Amino acid sequence: MLTAYAENGHISKARQVFDEMPHRNIASWNAMITAYIRNGLRVNEAFELFCRMPERNSISHAAMITGFAQAGMMGEAWGLFSEMSEADREPVVANTIIVGCFKIGELEEAKRVFDGMRRRDVVSWSSMVDGYCKSGRIDEAKELFERMPERNVVSWTTLINGLLKFGAWAEGFVLLSRMRKETSIEVNSITLTAILDTCASLNRGEGIQVHGLVVSMGFESDAFLGNSIINMYCRAGCVNSARRMFDMMIKKNVVSWNTLLAGYIQNSSLEKAYALFSRVPHKDVVSWTTMIAGLSNNGRLEEAISLFREMEQKDDIAWTAIISGFVSNGDYERAFTWFIDMACEAIKPNSVTLSSVVCAAAGLANLNQGEQIHALVVKTEKEPDLSILNSLVSMYAKCGNIWDAYRIFTSIIEPNIVSMNSMITAFSQHGHVEEALELFRHMQEKGHEPNQVTFLGVLTACAHAGLVEEGKYHFASMKSSYFIEPGPDHYACMVDILGRAGQLKDAVDLIHSMPCEPHLGVWGALLSASRTHKDLYLAKVAAQHILDLEPNNATAYVVLSNMYADAKLTCNEEEVITVERAKRAAKIPGCSWIVV
DNA sequence: CTAGGGTTAG
């Protein structure tokens with residue numbers, strides 16, 4: 001009766017039976033202790049019984065040690081372990097101790113127990129391999145694995161998974177094929193899940209082969225595996241293959257639908273996503289938020305909002321999808337309105353919500369709002385996400401408080417590339433060129449790989465200080481040292497740098513050499529350089545390109561007319577019309593060498 | 001009575 005209740009998880013019933021028992025033997029005490037440990041790891045209640053037992057055997061000890069070890073209470077586990085004889089504790093109880101040691105990071109202790117064992121089984125070895133993998137000590141894991149006297153599917157899976165999670169995926173795949181070639185041990189669904197997961201995040205071609213393996217092993221009816229395959233294809237950009245898998249699956253669940261839905265959205269097939277969404281049989285929050293976020297992130301905010309209104313239980317993620325949509329559309333005011341509505345509905349903002357509204361405050365350059373959100377962050381987040389801290393850095397910088405930005409930056413224990421970029425950009429926007437370049441040097445020394453955003457900050461700094469040679473150097477090193485193709489913004493910066501220094505010819509040549517289409521910023525930089533150096537001819541060319549891109553661009557007209565005025569020419573309507581005409585005539589003199 | 005894992009949304 002007691003064990004029947006215990007096995008079904010009815011602990012209080014089991015305890016009732018136990019308490020009412022007229023005669024208890026060791027087995028009934030042990031059963032009750034085991035029940036407490038297996039159901040919710042209630043170590044204290046188990047230990048209380050353990051202490052009250054009139055006599056104990058090795059099973060009592062083993063059960064209690066398992067409880068302590070799984071709860072990470074290794075001191076207590078050790079105490080009982082030392083009371084057991086060699087014969088009773090090996091290998092099972094010792095294995096438990098090994099796992100417990102790894103759990104609390106006591107690698108040396110685990111090794112000592114393992115080395116001291118007289119009888120090791122395959123579990124002892126596999127536990128050691130797993131412990132080393134999870135502690136990042138891959139070499140030791142591999143060495144132990146090679147020394148194993150026998151291996152089973154768990155041993156192989158442990159190391160394969162360990163290698164893949166460690167990032168040594170090539171080695172992981174080699175081990176998988178070795179397993180299949182050298183042994184008759186068959187992979188199971190656990191092995192395959194780990195591999196598919198890795199393939200999905202790495203966009204590895206092996207995913208397709210693993211799919212074949214899943215089918216040939218007869219696992220295609222496993223919904224978990226099927227969903228992983230859908231995910232793998234979606235992440236690799238093969239939505240059609242994902243769709244085929246989806247259609248083939250007999251046991252679809254809501255995750256299968258959601259995964260394919262997300263796949264369509266990530267591969268920008270919004271219409272197909274919409275069609276699929278309408279057919280999802282039992283839509284859950286994820287189905288709704290996936291669709292809402294998909295629309296919102298693709299600038300279709302109004303549709304996203306109307307879907308949001310249809311949603312019954314709106315969670316924080318749904319709200320955040322809309323709010324971040326406003327932020328990326330530059331509609332910061334509405335982002336705030338919605339943020340307040342969210343608070344009124346008593347939905348707690350999460351870290352993405354918070355970093356979005358910090359960005360909104362930055363976009364509005366509204367220090368007051370920014371500080372309020374900052375206070376909220378301090379109040380609600382014990383350890384604010386890096387994304388929040390990074391956006392706070394940008395926010396303070398954009399609101400003019402460069403030293404508050406710096407204070408936040410220095411408080412970040414492990415800054416990432418985004419943190420570095422935010423701070424470099426902040427310095428550079430504020431004209432603190434030395435600091436910006438110093439930070440750039442510092443991050444390179446620390447081994448952080450700069451990206452295109454970093455270089456934009458660096459080039460902006462150079463432009464600010466008129467550092468022509470340094471600017472040229474960094475611009476060149478982008479491609480030669482870091483294999484980053486400069487984008488239009490980088491070119492605009494370089495045109496600015498060259499233009500300010502009066503090297504107009506070089507600036508024009510640079511535009512001519514651009515592999516991408518020059519955008520407004522590039523021509524704007526050229527125009528302002530032409531104005532500074534009073535090159536009316538070049539100014540006209542630049543202005544014309546600006547007006548091609550943006551026919552109502554007032555700046556272009558204003559700059560041109562000022563230059564005419566300075567040159568003691570009249571910039572009347574007629575002159576503007578002339579420019580217009582020239583544009584329509586399609587051939588501006590000199591235009592041919594600028595056209596890309 | 002011990003060892004390997006788990007898919008989707010911001």
Side-chain angles (χ1 to χ4, degrees), chain A residues 30 34 37-38 58-59 61-67 69-70 88-100 102 120-131 133-134 148 151-162 164-165 187-198 200-201 222-232 234-235 252-263 265-266 273 277 280 283-294 296-297 304 311 315-325 327-328 349-356 387:
Chain A
N30 287 346
T34 310
I37 288 165
R38 283 199 190 154
S58 61
I59 297 177
H61 273 78
M64 207 54 240
I65 290 169
T66 305
Q70 287 181 353
D88 281 344
R89 64 197 203 183
E90 284 178 12
V92 176
V93 184
N95 291 346
T96 311
I97 293 281
I98 290 175
V99 175
F102 276 118
R120 301 181 193 103
D121 63 4
V122 65
V123 178
S124 326
W125 288 89
S126 301
S127 305
M128 288 299 291
V129 171
D130 187 51
C133 284
K134 299 241 162 82
M148 283 179 81
R151 306 182 189 104
N152 63 14
V153 62
V154 177
S155 330
W156 285 94
T157 304
T158 303
L159 188 57
I160 291 171
N161 192 32
L164 295 176
K165 289 277 146 64
V187 294
N188 60 22
S189 66
I190 296 179
T191 324
L192 294 171
T193 309
I195 295 163
L196 276 172
D197 192 29
T198 307
S201 54
D222 184 317
F224 254 115
L225 274 179
N227 294 345
S228 296
I229 292 170
I230 296 177
N231 185 40
M232 181 270 299
C234 288
R235 300 274 274 271
K252 292 192 233 321
N253 56 24
V254 69
V255 179
S256 326
W257 288 85
N258 293 348
T259 308
L260 185 62
L261 185 65
I265 289 169
Q266 280 149 13
F277 175 75
V280 180
K283 299 182 182 66
D284 66 0
V285 245
V286 179
S287 329
W288 284 91
T289 45
T290 304
M291 196 61 229
I292 290 171
S296 166
N297 291 335
M311 203 176 162
D315 67 351
D316 55 333
I317 300 178
W319 281 92
T320 308
I322 303 282
I323 292 171
S324 72
V327 173
S328 49
N350 57 44
S351 59
V352 181
T353 329
L354 290 170
S355 76
S356 294
S387 62

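A, B, ... follow the sequence lines: proteins, then strands. Residue 1 opens every chain. Small disclaimer: the values here were computed from a predicted structure and weren't measured.
- Note on A:Lys283: nothing from the nucleic acid sits closer than 4.0 angstrom, heavy atoms only.
- Residue A:Arg235 is in sugar-phosphate contact alone, with no base atom involved, counting any heavy-atom pair closer than 4.0 Å across all strands shown.
- Across all strands, A:Ala69 comes closer than 4.0 Å to no nucleic acid atom at all (heavy-atom distances).
- The side chain of A:Lys165 lies closest to B:dG5, out of B:dC1, B:dG4, B:dG5.
- Rounded to whole Å, the distance from CG on A:Leu260 to C1' on B:dA9 is 14 Å.
- Taking CH2 from A:Trp125 and CD1 from A:Ile98, the interatomic distance works out to 10.5 Å, rounded to the nearest 0.5 Å.
- Under the 6.0 Å cut-off for aromatic ring centres, A:Phe277 and A:Trp288 qualify, their centroids lying closer than that.
- If you take CE of A:Met148 and C1' of B:dG4, they are 11 Å apart, rounded to a whole angstrom.
- Distance CG (A:Asp121) to P (B:dG4): 13 Å, rounded to an integer number of Å.
- Within the nucleic acid shown, A:Ser127 comes within 4.0 Å of sugar-phosphate atoms alone, with no base atom in reach, counting heavy atoms only.
- By the ring pair (Phe, Tyr, Trp, His ring centres under 6.0 Å) test, A:Trp319 is found to be paired with A:Phe308, A:Trp338, residues two or more places apart in sequence or in another chain being considered.
- Among the heavy atoms of the strands lying under 4.0 Å from A:Asn152 is at least one base atom, whether or not backbone atoms are also near.
- Residue contacts for A:Val99: at a heavy-atom cut-off of 4.0 Å it reaches the sugar-phosphate backbone alone, with no base atom in range.
- For A:Ile190 and B:dA3, the CD1 to P distance is 12 Å, given to the nearest whole Å.
- Atom pair A:Ile195:CD1 and B:dG6:P shows a separation of 12 Å (rounding to whole Å applied).
- Using a 4.0 Å heavy-atom distance criterion, A:Thr157 is classed as a base contact.
- Look at CZ on A:Phe224: it is 10 Å from P on B:dG6, rounded to the nearest Å.
- Of the candidates B:dC1, B:dA3, B:dA9, the closest approach to any side-chain atom of A:Thr290 belongs to B:dA9.
- If you check every strand for non-hydrogen atoms under 4.0 Å, A:Val129 touches nothing.
- The salt bridge (Lys or Arg N to Asp or Glu O under 4.0 Å) contacts involving residues 151-162 of chain A comprise A:Glu146-A:Arg151, where partners must be two or more places apart or lie in separate chains.
- Residue-level contact check: A:Ser287 touches neither bases nor backbone, having no heavy atom under 4.0 Å from any strand.
- Using a 4.0 Å heavy-atom distance criterion, A:Asp284 is classed as making no nucleic acid contact.
- In terms of polar N and O atoms assigned as donor or acceptor, the side chain of A:Asn231 never comes within less than 3.5 Å of the base of B:dT7 in a complementary pairing.
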